[in-house]
Peer 1: 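Below: one structure in structure tokens.
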There are 2 protein chains.
Amino acid sequence: MFFLKDLPTREMISGFAHSLDVVDVQKTGDALQMLRRASLLIRQLERYFALHGLSQTQFLVLMILHRDQSKHTHLAAEICEKLDVSKPVVSTTLKTMQRRGFIVYCEKAEDSRMKPLRISDAGRELLLRLLPGYFEILQAG
Amino acid sequence: MFFLKDLPTREMISGFAHSLDVVDVQKTGDALQMLRRASLLIRQLERYFALHGLSQTQFLVLMILHRDQSKHTHLAAEICEKLDVSKPVVSTTLKTMQRRGFIVYCEKAEDSRMKPLRISDAGRELLLRLLPGYFEILQAG
DNA sequence: ACAATATAGTTAGTATCATAACCAATAACG
DNA sequence: CGTTATTGGTTATGATACTAACTATATTGT
């Protein structure tokens, strides 16, 4: 995360980067501002989710599961791919989500390595309850 | 962090938010894109820092210490404020930075609660070595 | 002076993330 | 076939972040 309040000045950027003619001071400054804004927004979202016992990642998993209603089961590997986050994170995230009743593991697949899962009613209900506030925070930030 | 690859579509946003006339679909979509871009950029920066044994926060602390050369000592509380991050994080960050020799604690102040510190030569050297690459990543992202 | 309060910093406990190493089951192929 | 490689998922370990509670020193206020 990036929480520096006073961003580096143009002078500082061009001062340190003047050796490299590659660096575009304008773009760099914009990127810094974006990092700061995004970090604050993420922090705000995480606080919102925490109020309802979710992490941002758990929320995004619910979104993914809810979104593709065509397929009624999903695999950890798929989530991993749609959410580019490391496998262990998905694994433990799913475990806690199961413990809290937001997802359910289904009957075994033919490939016995796979553990197909789906969103639970409680999970979907929570997601739908949080979405409006979510979008509201996003558009305000 | 926010690593969802396929962002919610306009339809999804307006669909879930249509009850609230407050929500601006355009702004919300922009915010989502920003979150994703920033998260990727932060991840990239953290990898860069990790190659040199620093975290993003440690790097930012070095920036702050280096930037205000007027004052030659700083306090944890000041850093805390310029980097709006919680006190414990600053505390442990500083401790590891001392262990690795990037900062030094100075002689005691008159107020014996305070532990004034400053950037070390090694710290400043590392910072200056990393800055060009840092700005380069920022402007490219 | 002395009790109450505020401030600087640390410690404790918990959650999230990452990488690396690890099972177990399937697939590939000589 | 049977050895090797690949794939789905978990465990181990370590870093970073948070809040809450703590210690110790200074300040305030009666």
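Letters A, B, ... mirror the listed sequences (proteins, then strands); counts begin at 1.
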Peer 1: Please report the distance, rounded to the nearest Å, between NZ in B:Lys95 and C1' in C:dA8.
Peer 2: 15 Å

Peer 1: So does A:Ser86 get a side-chain nitrogen or oxygen closer than 4.0 Å to the phosphate oxygens (OP1/OP2) of C:dT19?
Peer 2: no

Peer 1: Select base, sugar-phosphate, or nothing to describe what A:Ser55 touches, counting heavy atoms under 4.0 Å on all strands.
Peer 2: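 Sugar-phosphate contact only - A:Ser55 comes under 4.0 Å of backbone atoms but never of a base.
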
Peer 1: Is B:Glu78 paired with B:Lys82 through a side-chain N to carboxylate O contact shorter than 4.0 Å?
Peer 2: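 No.
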
Peer 1: Could A:Arg118 and A:Asp68 be called an ion pair, given the rule that one side-chain N must be under 4.0 Å from one carboxylate O?
Peer 2: no

Peer 1: So which one's nearest nucleotide on DNA chain D is more toward 5', A:Pro88 or A:Arg43?
Peer 2: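 Nearer the 5' end of the strand: A:Pro88.
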
Peer 1: Would you mind telling me which of D:dG8, D:dC18, C:dT10 lies closest to the side-chain atoms of A:Ala77?
Peer 2: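 From the listed options, D:dG8 comes nearest.
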
Peer 1: Return the value, rounded to whole Å, for the distance between atom CD of A:Gln56 and atom C1' of D:dC18.
Peer 2: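 The distance from CD of A:Gln56 to C1' of D:dC18 comes to 15 Å, rounded to the nearest Å.
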
Peer 1: Does D:dT16 have OP1 or OP2 under 4.0 Å away from a side-chain N or O of B:Gln58?
Peer 2: yes

Peer 1: Using a 6.0 Å distance limit plus a 45 degree cone around the ring axis, check whether A:Arg43 lies over the aromatic ring of A:Phe3.
Peer 2: yes

Peer 1: What contact category does A:Glu110 fall into here, base, sugar-phosphate, or nothing, at under 4.0 angstrom with non-hydrogen atoms?
Peer 2: sugar-phosphate

Peer 1: Around atom CZ of A:Arg67, are there more than 12 heavy atoms from other residues, nucleotides or ligands closer than 6.0 Å?
Peer 2: yes

Peer 1: Roughly how many Å is it from CD1 in B:Ile42 to C1' in D:dA15, rounded to a whole number?
Peer 2: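 So the two atoms are 16 Å apart, to the nearest Å.
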
Peer 1: Nearest-Å distance, CG (B:Leu54) to P (D:dA15)?
Peer 2: 14 Å

Peer 1: Checking B:Phe59 against B:Tyr134 for the ring-ring contact (aromatic ring centres under 6.0 Å, His included) test, could you report, in this order, the C-alpha distance in whole Å, the side-chain angles of both residues, the deciding distance, and whether it holds?
Peer 2: CA-CA 10 Å; B:Phe59 179 80; B:Tyr134 178 63; 4.5 Å; yes

Peer 1: If you look at every strand shown and take non-hydrogen atoms under 4.0 Å, does A:Glu78 touch a base, only sugar-phosphate, or nothing?
Peer 2: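 No contact at all - A:Glu78 keeps every heavy atom at 4.0 Å or more from the nucleic acid.
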
Peer 1: Choose from D:dG9, C:dC17, C:dT10 the nucleotide whose nearest atom is closest to any side-chain atom of A:Leu75.
Peer 2: D:dG9

Peer 1: So, does the side chain of B:Lys87 form a donor-acceptor pair with the base of C:dG9 at under 3.5 Å?
Peer 2: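 Such a pair is found, so the answer is yes.
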
Peer 1: Are B:Leu138 and B:Leu45 close enough that some pair of their side-chain heavy atoms sits under 4.5 Å apart?
Peer 2: yes

Peer 1: If you look at every strand shown and take non-hydrogen atoms under 4.0 Å, does B:Thr57 touch a base, only sugar-phosphate, or nothing?
Peer 2: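 Result for B:Thr57 = sugar-phosphate.
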
Peer 1: Starting from P on C:dC17, measure out to CD1 on A:Ile79 and report it in whole angstrom.
Peer 2: 14 Å

Peer 1: Name the closest nucleotide to the A:Asp111 side chain, picking from C:dA25, D:dG9, C:dA8.
Peer 2: C:dA25

Peer 1: Need one value for B:Ser112: base, sugar-phosphate or nothing, where a base atom within 4.0 Å counts as base even if backbone is also close, heavy atoms only.
Peer 2: sugar-phosphate

Peer 1: In whole angstrom, give the distance that lies between atom CZ of B:Phe59 and atom P of D:dA15.
Peer 2: 21 Å

Peer 1: Which nucleotide in the set D:dG8, C:dG9, C:dA18 lies at the smallest distance from any side-chain heavy atom of B:Ala76?
Peer 2: C:dG9

Peer 1: Any N or O donor-acceptor pair under 3.5 Å from the base of C:dA8 to the side chain of B:Arg113?
Peer 2: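 Per atom types, no contact qualifies.
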
Peer 1: To the nearest Å, give me how far apart CZ (A:Arg100) and C1' (C:dT14) are.
Peer 2: 11 Å

Peer 1: Grab the CZ-P distance between A:Arg99 and D:dT10 for me, whole Å please.
Peer 2: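 Atom-to-atom, A:Arg99 to D:dT10, this comes out as 13 Å.
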
